[in-house]
Each structure stands twice: as C-alpha cells, then as structure tokens.
A.B. asks: 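Quick one: structure below, then a few questions.
Heads up: numbering here begins at 1 and tracks the sequence. The structure displayed is predicted, hence computed values, not measured ones.
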Amino acid sequence: MAKTNPLTFIQQVRAEVTKVVWPTRREVMLTTVMVFIMAALTAAFFALVDILIRSGLQGVLGLFG
C-alpha cells in the first residue's frame with residue numbers, strides 16, 4: 001500500500017468533507033419522528049406476541065397442572 005504525504009492526506013480529507021451534504025432541520029425532525037413511530041410499533045408488536053405466547057403457555061400448562 002502506497003504511503004501518502006500527511007499534507008496531501010489533509011488536502012484530500014478537506015476535499016471530501018466539502019462534498020458532504022448535511023440534512024436540513026426538517027429532514028432531521030422527520031426522520032427522528034419516523035424512528036420513534038417505528039420503535040413504538042415494534043414495541044407494540046412484541047408486547048402483543050409476548051401476551052399471546054404467555055396466554056398459550058398458561059393454557060397448555062393449565063391442562064397438565
């Protein structure tokens with residue numbers, strides 16, 4: 001692997017940083033809200049699955065207990 005001069009490396013880093021497109025405040029807010037909504041939906045789904053499995057196991061154990 002070729003070694004790069006530190007000055008050249010810093011110049012390349014600065015050139016790449018200028019290409020970065022930062023999200024707007026609106027985009028950040030929308031994606032944050034979407035993450036919270038998806039987290040709530042996932043939590044509700046797993047809570048429902050947990051309740052169903054618990055009820056099923058209690059029913060089965062009730063037959064033999």
A.B. asks: Return the OG1 to CD1 distance between Thr42 and Ile37, rounded to the nearest 0.5 Å.
C.D. replies: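 One gets 11.5 Å once the value is rounded to the nearest 0.5 Å.
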A.B. asks: Using the rule side-chain contact (heavy atoms from CB on, under 4.5 Å), only one of Ile53, Leu57, Ile51 pairs with Ser55; which is it?
C.D. replies: Ile51
A.B. asks: Can you tell me how far CE of Met38 sits from OG1 of Thr31, rounded to the nearest 0.5 angstrom?
C.D. replies: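 Atom-to-atom, Thr31:OG1 and Met38:CE are 13.5 Å apart.
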A.B. asks: Before you tell me yes or no, could you show the steps for Asp50 and Arg54 under side-chain contact (heavy atoms from CB on, under 4.5 Å), namely the whole-Å CA-CA distance, both residues' side-chain angles and the distance that decides it to 0.1 Å?
C.D. replies: CA-CA 6 Å; Asp50 182 52; Arg54 187 178 346 135; 3.3 Å; yes
